[in-house]
Colleague: 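Would you mind keeping the following structure in view while I ask a few things?
Labels below follow one simple rule: chain letters A, B, ... track the order of the sequence lines, proteins then strands, and each chain is numbered from 1.
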Number of protein chains: 2
Amino acid sequence: MAKRKPTIHEVAHLAKVGIGTVSRVLNNHPSVRPETRNRVLAAMANLGYSPNPHARRVAGGRSYTVSFVLPVISTEFYNRLLEGIEHILTEERYEIALFPILSPSRLERYLESRSLAYQTDGLLVSSQGLAHLLPDQKFPTERPVVLVDAYSPRYDSAFMDNRLGGQMAALHLAQFPGAMFAIQVQEELDKVLKNTVGQERIEGFREGLRKAGKPLPSAHVFVSRFSAEGGRLALQHFLRLAKPPFNIFAGADLLALGVLEEAERQGLAIGEQVRLLGFDGHPWTAAKGLSTLAQPIEEMGAEAARMLLERIRGYKGSPRARRFEPTLVVRSSTQPHPVYAG
Amino acid sequence: MAKRKPTIHEVAHLAKVGIGTVSRVLNNHPSVRPETRNRVLAAMANLGYSPNPHARRVAGGRSYTVSFVLPVISTEFYNRLLEGIEHILTEERYEIALFPILSPSRLERYLESRSLAYQTDGLLVSSQGLAHLLPDQKFPTERPVVLVDAYSPRYDSAFMDNRLGGQMAALHLAQFPGAMFAIQVQEELDKVLKNTVGQERIEGFREGLRKAGKPLPSAHVFVSRFSAEGGRLALQHFLRLAKPPFNIFAGADLLALGVLEEAERQGLAIGEQVRLLGFDGHPWTAAKGLSTLAQPIEEMGAEAARMLLERIRGYKGSPRARRFEPTLVVRSSTQPHPVYAG
DNA sequence: TTGGGGTATGGAAGCGTTTTCTTTCAGAAA
DNA sequence: TTTCTGAAAGAAAACGCTTCCATACCCCAA
């Protein structure tokens with residue numbers, strides 16, 4: 001029926017070279033003459049050849065696959081993180097196997113050494129607290145492990161300075177008149193995982209405001225699940241506490257979106273009665289005119305992937321820590337709307 | 001450093017048999033003496049051996065791995081679905097590779113035939129609309145495909161009768177006095193995927209109410225994202241439209257949870273001023289006293305897994321459709337609280 | 001006793017790659 | 001011219017399995 005896929009032998013035969021040469025072309029080995037390489041590439045294109053990844057794994061003794069353990073809470077964040085990771089890994093012909101911690105019970109399974117997650121060449125882990133749950137804070141594997149958006153002194157880490165982000169938020173919002181408010185993200189899974197990202201952002205904010213002489217009352221912090229609707233409820237809550245103008249630091253862009261929706265519903269002018277600063281820097285914030293602390297999420301993922309590849313290739317140095325900083329992006333949500341002269 | 005994984009040769013040596021025999025044990029070949037088989041199994045356990053799926057793939061053409069393509073929206077639902085699937089597959093020593101469609105761009109990648117998703121022995125797909133996006137509504141693979149929580153005439157399907165669920169909700173709620181309300185789930189990704197699950201439930205509800213002579217005004221349907229806070233906003237919205245008692249059909253348990261939270265905050269008595277019916281039958285609904293339409297999610301996943309295994313093993317019949325029905329579970333949220341006699 | 005037919009098993013071949021080992025050949029140094 | 005060096009490329013040996021083939025053995029009928 002379905003005719004068999006062409007193999008390396010057929011390519012070799014058509015290009016009149018040995019299979020070794022075809023393999024070298026496949027792996028970008030330097031010692032192939034450009035002319036030969038082109039002949040091989042032409043033969044591949046001609047036959048519609050693509051290498052059998054399984055054979056490659058068997059022969060190479062490596063799986064050419066990397067595990068990525070992630071909580072699936074903030075989909076856009078993790079999607080961008082994955083994007084950055086993938087960008088680097090696919091360049092090197094590596095695949096990514098995803099292990100989302102859908103629930104506490106799945107989490108436990110991933111902690112066992114028999115888990116499929118450890119059958120790959122290396123592990124990317126982006127759950128801060130995961131390490132805390134492990135005996136000795138070490139993953140049950142000899143394979144390299146790199147943390148993304150998390151930090152541990154035991155492993156290479158690429159992480160965001162969330163506290164600094166909160167401080168930057170404070171510095172920016174403190175200049176405006178009106179009371180200060182904050183929305184902190186807190187998810188179910190976060191407790192199990194001891195994920196303190198949401199907390200760090202708000203702590204940084206509180207710290208920055210204190211330094212600026214405008215301390216943040218605890219009643220002005222609304223704790224919410226991670227959803228746009230949470231932002232709407234937060235604004236409703238704030239309206240019960242005080243009168244505009246408000247200066248609101250939302251711990252995530254998605255929450256800020258909810259605030260925007262609710263402000264519109266309530267007829268509050270964004271940038272004047274409600275000044276709003278998000279966190280993440282997701283692409284859609286531009287269209288909404290939302291000021292935000294843009295995180296270099298993709299770069300962070302890419303850097304983690306690079307470190308992991310180095311480890312897989314035998315690098316033995318002591319754990320490296322790569323810190324990333326958010327950037328303040330000011331848009332109309334923290335600036336009065338320009339008034340166009342007629 | 002990291003000692004290599006044991007191979008079939010080491011198992012054979014330890015069990016004092018040939019590698020052929022070990023392989024036969026792995027594949028449940030009938031002609032192995034029970035005594036020999038036990039010796040081999042003991043050796044495997046002893047060495048912590050597990051077969052290399054890539055080698056199996058190269059040698060035998062099967063990888064004993066199945067791909068599961070899923071949107072990551074409703075985590076609890078998919079977690080339970082996965083649970084059901086895993087239960088069957090692990091029994092047969094199959095592994096599961098997850099492919100969450102985190103975003104439209106990832107979706108596109110999964111539609112390409114080169115994707116890792118198609119390198120396995122078969123595909124489980126639980127995204128209704130995915131098929132619609134494919135040329136000719138066919139996945140680019142010769143391997144068997146089975147749909148879960150979705151239906152297509154082209155493939156084996158295991159799906160829930162959501163419309164019937166809506167009708168059952170109507171039948172149950174119509175008996176009570178007071179106005180009828182509904183909360184419909186609608187997610188971003190749903191549009192791309194043409195996922196009509198939320199819609200079907202509400203349509204069934206509307207249909208059932210019409211038959212019961214209590215038609216549902218369109219204004220009484222609140223469309224929400226999939227989050228607890230959406231339920232809270234829904235109840236706030238309903239309170240602006242009318243006075244209790246309310247009869248509310250929430251398109252998902254998670255939304256019902258938000259309604260419960262908001263009702264408590266507003267001091268409304270559940271089961272009297274607010275009668276509430278969820279959809280899903282998640283375990284936690286029992287503790288909350290939430291009436292719900294329980295879906296046999298695990299069984300649906302298990303059945304899909306079984307069908308896929310049959311296909312992988314060569315079954316060639318025409319596409320089969322397995323329909324599942326929700327069950328009404330009545331709890332205190334649709335019954336007045338019992339008054340205990342002193 | 002001999003032969004036939006099954007069952008249990010060991011070992012070799014083969015899957016499509018990577019990697020190592022050789023061989024070939026061109027060009028630089030003597 | 002001869003020798004040496006290194007680059008290019010073919011051939012062969014893994015990689016860890018499945019599967020096929022051959023052999024050894026046992027039981028039963030002739």
Colleague: When the distance from CG of B/Asn27 to P of D/dC17 is rounded to whole Å, what number comes out?
Modeller: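 Distance, rounded to whole Å: 11 Å.
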Colleague: Select from A/Ala59 and B/Lys16 the residue whose nearest nucleotide in DNA chain C is closer to the 5' end of that strand.
Modeller: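 First, find each residue's nearest nucleotide; the 5'-ward one identifies B/Lys16.
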Colleague: Calculate the interatomic distance between B/Asp121 atom CG and D/dT18 atom P; express it in whole Å.
Modeller: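 Result: 12 Å.
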Colleague: Measure across A/Ile8 and A/Tyr49 and return the closest heavy-atom pair with its distance rounded to 0.1 Å.
Modeller: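 Closest approach of A/Ile8 to A/Tyr49: N-CE1, 3.7 Å.
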Colleague: Which residue pairs satisfy the side-chain hydrogen bond (donor to acceptor under 3.5 Å, both in side chains) criterion with at least one member in residues 58-71 of chain A, sequence neighbours excluded?
Modeller: A/Arg57-A/Thr65, A/Arg62-A/Tyr64, A/Ser63-A/Asp121, A/Ser67-A/Thr120
Colleague: Taking the ring of B/Phe139 and the ring of B/Tyr155, is the distance between their centroids below 6.0 Å?
Modeller: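 Yes; B/Phe139 has its ring centre under 6.0 Å from that of B/Tyr155.
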Colleague: Does a side-chain N or O of B/Arg57 approach OP1 or OP2 of C/dC15 to a distance below 4.0 Å, or not?
Modeller: no
Colleague: Checking all strands, does A/Gly20 fall into the base, sugar-phosphate, or nothing category for heavy-atom contacts under 4.0 angstrom?
Modeller: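 Counting heavy atoms under 4.0 Å across all strands, the contact made by A/Gly20 includes a base.
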Colleague: State whether the number of non-hydrogen atoms from other residues, nucleotides or ligands found under 6.0 Å of B/Glu188 atom CD is greater than 12.
Modeller: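 Not buried by this count: 12 neighbours or fewer within 6.0 Å.
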Colleague: Report the end-to-end axis angle of the helix from C/dT1-D/dA30 to C/dA30-D/dT1; each axis comes from five terminal pairs, and the value is rounded to 10°.
Modeller: 60°
Colleague: State which of C/dT19, C/dT17, C/dT9 makes the closest approach to the side chain of B/Val32.
Modeller: C/dT9
Colleague: Atom NE2 of A/His29 to atom C1' of C/dT19: distance rounded to whole Å?
Modeller: 9 Å
Colleague: Which nucleotide wins on minimum distance to the side chain of A/Val58, given the candidates C/dG10, D/dT18, C/dG16?
Modeller: C/dG16
Colleague: Quick one: is B/Ser23 getting a side-chain N or O under 4.0 Å of the D/dC17 phosphate, OP1 or OP2?
Modeller: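 So the side-chain polar atoms of B/Ser23 never come under 4.0 Å of the phosphate oxygens OP1 or OP2 of D/dC17.
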Colleague: Does anything in residues 34-55 of chain B reach DNA chain C, meaning a heavy atom under 4.0 Å, and if so which residues?
Modeller: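 Going residue by residue through residues 34-55 of chain B, the ones with a heavy atom under 4.0 Å of DNA chain C turn out to be B/Thr36.
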Colleague: Closest heavy-atom contact between A/Pro283 and A/Arg80?
Modeller: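 Taking every non-hydrogen atom into account, CD-NH1, 4.2 Å.
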Colleague: For C/dT18, take OP1 and OP2 only and decide whether either is under 4.0 Å from a side-chain N or O of A/Arg93.
Modeller: yes
Colleague: Contact class for A/Val22 vs. all strands (heavy atom < 4.0 Å): base, sugar-phosphate, or nothing?
Modeller: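 Here A/Val22 touches no strand at all.
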Colleague: Toward the 5' end of DNA chain C, which comes first, A/His9 or A/Arg24, by nearest nucleotide?
Modeller: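 Counting from the 5' end, the first nearest nucleotide belongs to A/His9.
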